[in-house]
Amino acid sequence: MAAISRDEVANLARLARITMSDAELDHLAGEMDVILGAVARVQEVAGADVPATSHPLAVNNVSREDVVTPSLTPAETLSGAPASEDQRFKVPQILGEE
Amino acid sequence: MSIRDNAWAMAHALEKKEISAVELANQHYEQIASVDKDVHAFLYLDKEGALSQAKEVDKKRAAGEKLSPLAGVPLALKDVMTQKGVPTTCGSKMLEGWRPPYDSTVVTKLKSAGIVILGKTNMDEFAMGSSTENSAFGPTHNPWDLTRIPGGSGGGSSASLAAFEAPLAIGTDTGGSIRQPAAVTGTVGVKPTYGGVSRYGLVAFSSSLDQAGPCARTVLDAALLHQVIAGFDPKDSTSINRAVPDVVAAAKKKDIKGMKIGVVKQLAGDGYQKGVENKFKEAVAELVKLGAEIIEVSCPNFEYALAAYYLIAPSECSSNLARFDSMRFGLRIGDDGVKGAEEVMNLTRQAGFGREVKRRIILGTYALSSGYYDAYYGSAQKVRTLIKRDFDAAFEKCDVLISPTAPTTAFKIGEKSNDPLAMYLNDIATIPVNMAGIGGMSLPCGLAEEDNLPVGFQIMSPAMKDDRMYLVGGALEAALLSKWGKPILDFAPKLAGSK
Amino acid sequence: MSLNYDQAIEKYEPTLGLEVHVELNTKSKMFCGCATEFGAQPNTQTCPVCLGLPGALPVVNKKAIESSILIGLALNCSIAPFSRFARKNYFYPDMPKNFQTSQYDEPICVNGFLDVEIEADDGVKSFRIEIERVHMEEDTGKSLHVGGSTGRIHGAEYSLLDYNRAGIPLVEIVTKIVPNTGKYAPQVARAYVAALRDILRSLNVSDVKMEQGSLRCDVNLSLSKIGSGKLGTRSETKNVNSLRSVERAATGEVIRQANRLETGERIVQETRHFLEESGQTRPGRSKEQAEDYRYFPEPDLVPVAPDAKWIEELRKTLPEKPAERRKRLQTAWSVPDKEMAAMVNAELLDTVEETVKLGADPTKARSWWLGEVSRVANDRGVLPTELISVKDIAQVIALITSGELTDKLARQVVEGVIAGEGSPSDVISKRGLKVVSDDSALMKAIEDAITAQPDTAERVRGGNIPAAGALIGAVMKATGGQADAAKVRELLLKHLGQ
């Protein structure tokens, strides 16, 4: 089984939005190799004829009626915000926008 | 009445007005003040909220109002459940100081029942771990031996019970996080059937595996707590829309004559400590004495359960933890007015998540990524089907299945923290239960001869038949109590400062 | 030398694809009970679920499922007996969970079609647009960017987020690729969105206001050299906020891509933004690497398996298809194709129908709305219905029919109503526009005219009927145009023995 490269881990870290140092990436690549080596065995029994289970209990069609229920107050909504302004969440600039 | 009593005895004392809820709460806070500097089961003590709730209960009782059976009994809440206005950290720097604006359904039910929530307990960060060493706020120490782990991820809850800091606790179990800590601390822990207890307000780790459940020092106490927290919740689409089985009656029944009990062949042997297996076998002998029939069953696909779990859980968690991005709540690092949102996200997640969490996020991201999905996540979901089939076949022949809860007793703090795979093996016997969504219980079955540390006995019941594990558990507990002459916790060394 | 549209279309064959997002008009959000009112104060319609707070869980809005099925049925789709929600994972501050709960490989509706008609050079041409899928998902929050957009002022730029819109139900409708539209590609694109909008409006599942964002369109377009048989690389243009923009965006992309291909440059598969002012598109945010959405089945939601009986019940509630309705009205009103198309394109079909419902003659209704009222409306850049009401036009037409107004007088009445002078009755009385139909008053004017033009009157008496015109004209002048010319003629001729 091909070893997972540092570049691959770097790409995963980018997808997961986590900054990692080169040392951390290398270390993780090594750990990934070991873990993936151990978990890859699921392929041994996962035949084409075996259906996947997404939910432990087979239930369909759970829904709710289209009625309005009370929302949080703006104060409650913003209570955890690291920063806010004009009753909105204040976040660092989102690059690439018009 | 002492804090070493079980919750049911405390409930009676409260009912008879031998003690008030406020006094009971304060007694527990005193115990916490004495021992928690060593045990470190708690991350936060909500004295104001708890005593206010206790006063309320006392007032209602004085007025002659009919109260729930457990009204006024104290409880420790795993810090993964939201409680409005109370810090909820999930053992992570990411949520340090976060006070949710809403209660989880479990907390709503606890409050309705008049149960007094003393505080929030320590845990492996975001419920990922088997030792509570992954907490960002320092580990919890096993009351049996403070140099040892109390299990994880819910080590704080179980330790609080074993240290008599609370008679009841709530834990959550994704791969064994209630049962394994119960096993290594000599307490009782139950993972209900998936969907049995609402996940609304349970900070998600692995959505298709997570379940909240009752922790206590006796099977009956766990049953009483189970009754309070279980039930349909319209806010949780995966919640079971049926009546809760009568687990309290089952716990009291103590008659298992003629029951067919299956021993799972694969959950034994290599990797299992000799003392653990011996205590398990002795407990099985007790079951035979009680009139049960022991059958050996084979569940060959259980060999793949651990591998499948360590693909499904990280995959779901990589998605569940994406919301921790510093924008709306929680930690924010690096916002100097120049850096863009993406960079601040990256820096915050780097600083806010610990190593195990990052490891699983990366693993999960990989398992779901384009080109790898079928081989990893997709295959793991198929293994899930196979495990379910093994259970279905076994339950055709047996009423419940049994195994040791964990392969070893409590290991030393630091012993396995540098070897992820070795750590993951702690869950080898508990994971299949979560994969199939059925019920699982751990109760103490003795002390291992090598180290005199508690061994856990696991009972597994079919989906939506949780009463069966309480039936067998209650019966076994009574038999063992009779055999030992006193509760197992009475064999534990006294904690310094403890009453 | 750069190619224009006609030149481009001579050498290249366009292939279209259209993705339309519809915001449903449910009272509550897709996965929680927060209200969906447009224009509410920021963050007043939010809760743990739509904020994506730790521990929150979604529960599906049943009405949203119903609306999605209705849309699928109206588009001739098959309704999936079993469909699932999936997580589409990517990070963006307006997405509280940093994944969108959507549908992936098991959408609720598949394989439908919509027939559209356009005005081609040689008459009306019909195109069948095949629908790939219809699926359910949720909308994002809204971000406001604050700070200098030109020049970087240190520390001045940041964004403000309002999550009221987060979690509002969206339905995404995706077409299969649309080949063989040739030079009509932009018109076909526009006609498709217009027809889709009509259907959605008739189903009452959305208020489909493109300007408010409840109907959003992405135009995908690729070019291939005519005869090459190979499909080109497509671009995806977003931010297309009106029907006209859909057409312009397609046109603009044909020109842009053709010119690139002419110079040997490749087309980059990218997202572009449509610029209203210029009609051009510009590249969107450049991404070094493609985003991998890592779709997997949503574990917090169970599958949707709509009962066949329920689907049939919903099918029965489908309103008449807009195309069928048009055909029905065209026949009922005897409208020629070209005039019918003009009415539809001017979006006045509903207005005319409402006028007819109030008793007006269809031809007159059509002629008033598309004629006089549209003329003024276009001059002023407003909608015809903003100038005058259906009730008023119907009333005017009724007065013409009863003879109380002539066409000429009616025009003045309409002018007066548009000017804000009140209802038609108000204008008539204020301006004194009633037809002079009082015979005695008319007779007086007729006698005066005869007196003034005795020779002409004599000629008429002698059988020269056309000569009466001069006398009629004199009477009309004397009555300020308020006489019914036909009546005048009748009375005059009678009086002169003819």
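In what follows, chains carry the letters A, B, and so on, assigned in the order in which the sequence lines appear, proteins first and then strands, with residues in each chain numbered from 1.
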Participant: Where does B:Lys339 contact chain A at under 4.5 Å (heavy atoms): side chain, backbone, both or neither?
Facilitator: backbone
Participant: Could you pull out the closest heavy-atom pair between B:Ile361 and A:Ala16, with the gap in Å?
Facilitator: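 Shortest heavy-atom contact: CG2-CB, 3.7 Å.
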Participant: What's the separation between atom OG in B:Ser237 and atom NE2 in A:His55, rounded to the nearest 0.5 Å?
Facilitator: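 Reported to 0.5 Å precision, the distance equals 8.5 Å.
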Participant: Determine whether A:Ile35 and B:Arg359 make a side-chain contact, defined as any pair of heavy atoms from C-beta on separated by less than 4.5 Å.
Facilitator: yes
Participant: Heavy-atom distance under 4.5 Å between the side chains of B:Met327 and A:Pro92, does that happen here?
Facilitator: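 B:Met327 reaches A:Pro92 side chain to side chain.
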Participant: So for B:Tyr102, is it side chain, backbone, both, or neither that comes closer than 4.5 Å to the heavy atoms of chain A?
Facilitator: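 For B:Tyr102, there is no contact with chain A at all, as no heavy atom is under 4.5 Å.
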Participant: Is the shortest side-chain heavy-atom distance between A:Leu36 and B:Tyr376 below 4.5 Å?
Facilitator: yes
Participant: B:Leu386 and A:Val45: which non-hydrogen atoms are nearest, and at how many Å?
Facilitator: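 Closest heavy-atom pair between B:Leu386 and A:Val45: CD1-O, 3.5 Å.
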Participant: Just wondering, do A:Ser54 and B:Arg384 contact through their side chains at under 4.5 Å, heavy atoms?
Facilitator: no
Participant: Please tell me if the side chains of A:Glu31 and B:Leu363 come closer than 4.5 Å, counting only heavy atoms from C-beta onward.
Facilitator: no
Participant: With respect to chain A, which residue among B:Gly437, B:Ser326, B:Gly340 yields the maximal number of heavy-atom pairs within a distance under 4.5 Å?
Facilitator: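 That would be B:Gly340.
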Participant: Under a 4.5 Å cutoff for heavy-atom pairs, which residue among B:Met345, B:Arg332, B:Arg99 has the most contacts with chain A?
Facilitator: B:Arg332
Participant: Between B:Pro234 and chain A, with a heavy-atom cut-off of 4.5 Å, which part of the residue counts as in contact: side chain, backbone, both or neither?
Facilitator: neither
Participant: Taking only residues two or more places apart in sequence, or in another chain, which ones meet B:Asp233 in a side chain to side chain contact (heavy atoms under 4.5 Å, CB included)?
Facilitator: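 Side chain to side chain contact (heavy atoms under 4.5 Å, CB included) list for B:Asp233, sorted by chain: B:Thr105, B:Ser198, B:Tyr200, B:Lys235, B:Asp236, B:Ser239.
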Participant: Counting only non-hydrogen atoms closer than 4.5 Å, does A:Val59 touch chain B with its backbone (N, CA, C, O), its side chain (CB onward), both, or neither?
Facilitator: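 No part of A:Val59 comes within 4.5 Å of chain B.
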Participant: Evaluate A:Gln93 against B:Glu342 for side chain to side chain contact (heavy atoms under 4.5 Å, CB included), listing each step before the verdict.
Facilitator: CA-CA 9 Å; A:Gln93 55 176 313; B:Glu342 195 171 307; over 6 Å; no
Participant: So, for A:Pro82 and B:Arg328, which heavy atoms are closest and what is the spacing to 0.1 Å?
Facilitator: CD-C, 3.8 Å
Participant: Taking only heavy atoms into account, what residues of residues 62-74 of chain A are found under 4.5 Å from chain B?
Facilitator: A:Val62, A:Leu72
Participant: Is there a donor-acceptor pair closer than 3.5 Å between any side-chain N or O of A:Arg17 and the backbone N or O of B:Val344?
Facilitator: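 Checked: no pair found.
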Participant: Which one of A:Met32, A:Glu76, A:Glu8 has the most heavy-atom pairs closer than 4.5 Å to chain B?
Facilitator: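 Counting heavy-atom pairs under 4.5 Å, the top option is A:Met32.
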Participant: Please report the shortest heavy-atom distance between B:Tyr194 and A:Leu57, naming the atom on each side.
Facilitator: O-CD1, 2.8 Å
Participant: List the atom of B:Gln381, the atom of A:Thr53, and the distance in Å for their closest heavy-atom pair.
Facilitator: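 Shortest heavy-atom separation between B:Gln381 and A:Thr53 comes out as OE1-O, 2.9 Å.
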Participant: Can you tell me which of A:Glu24, A:Gln43, A:Lys90 forms the most heavy-atom pairs within a distance under 4.5 Å of chain B?
Facilitator: A:Gln43
Participant: Can you find a pair of side-chain heavy atoms, one from B:Glu343 and one from A:Thr19, that are under 4.5 Å apart?
Facilitator: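 No, their side chains stay 4.5 Å or more apart.
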Participant: Most heavy-atom pairs under 4.5 angstrom with chain A, which of B:Ser207, B:Ala305, B:Ala375, B:Ser208?
Facilitator: B:Ala375
Participant: So, taking the atom named OH in B:Tyr372 and the one named CG in A:Leu12, what distance separates them when rounded to the nearest 0.5 Å?
Facilitator: 8.5 Å
Participant: Kindly indicate whether the side chain of B:Lys382, heavy atoms from C-beta on, has any atom under 4.5 Å from the side chain of A:Pro51.
Facilitator: no
Participant: Using heavy-atom distances under 4.5 Å, tell me whether B:Ile438 contacts chain A through its side chain, its backbone, both, or neither.
Facilitator: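 No part of it gets close to chain A.
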Participant: Compare every heavy atom of B:Gln350 with every heavy atom of A:Met20, then report the nearest pair and how far apart it is.
Facilitator: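 Taking every non-hydrogen atom into account, CA-NE2, 4.3 Å.
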Participant: Looking at A:Val9, A:Val34, A:Val39, A:Val91, which has the largest count of heavy-atom pairs under 4.5 Å with chain B?
Facilitator: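 Heavy-atom pair counts peak at A:Val39.
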Participant: Report yes or no: do A:His27 and B:Arg355 form a side-chain donor-acceptor pair below 3.5 Å?
Facilitator: yes
Participant: Measure the shortest side-chain to side-chain distance between A:Glu44 and B:Tyr304 over non-hydrogen atoms and say whether it is less than 4.5 angstrom.
Facilitator: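 Counting from C-beta outward, A:Glu44 and B:Tyr304 do come under 4.5 Å.
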Participant: Report which part of B:Asp325 has an atom under 4.5 Å of a heavy atom belonging to chain A: side chain, backbone, both, or neither.
Facilitator: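 Neither part; nothing is under 4.5 Å.
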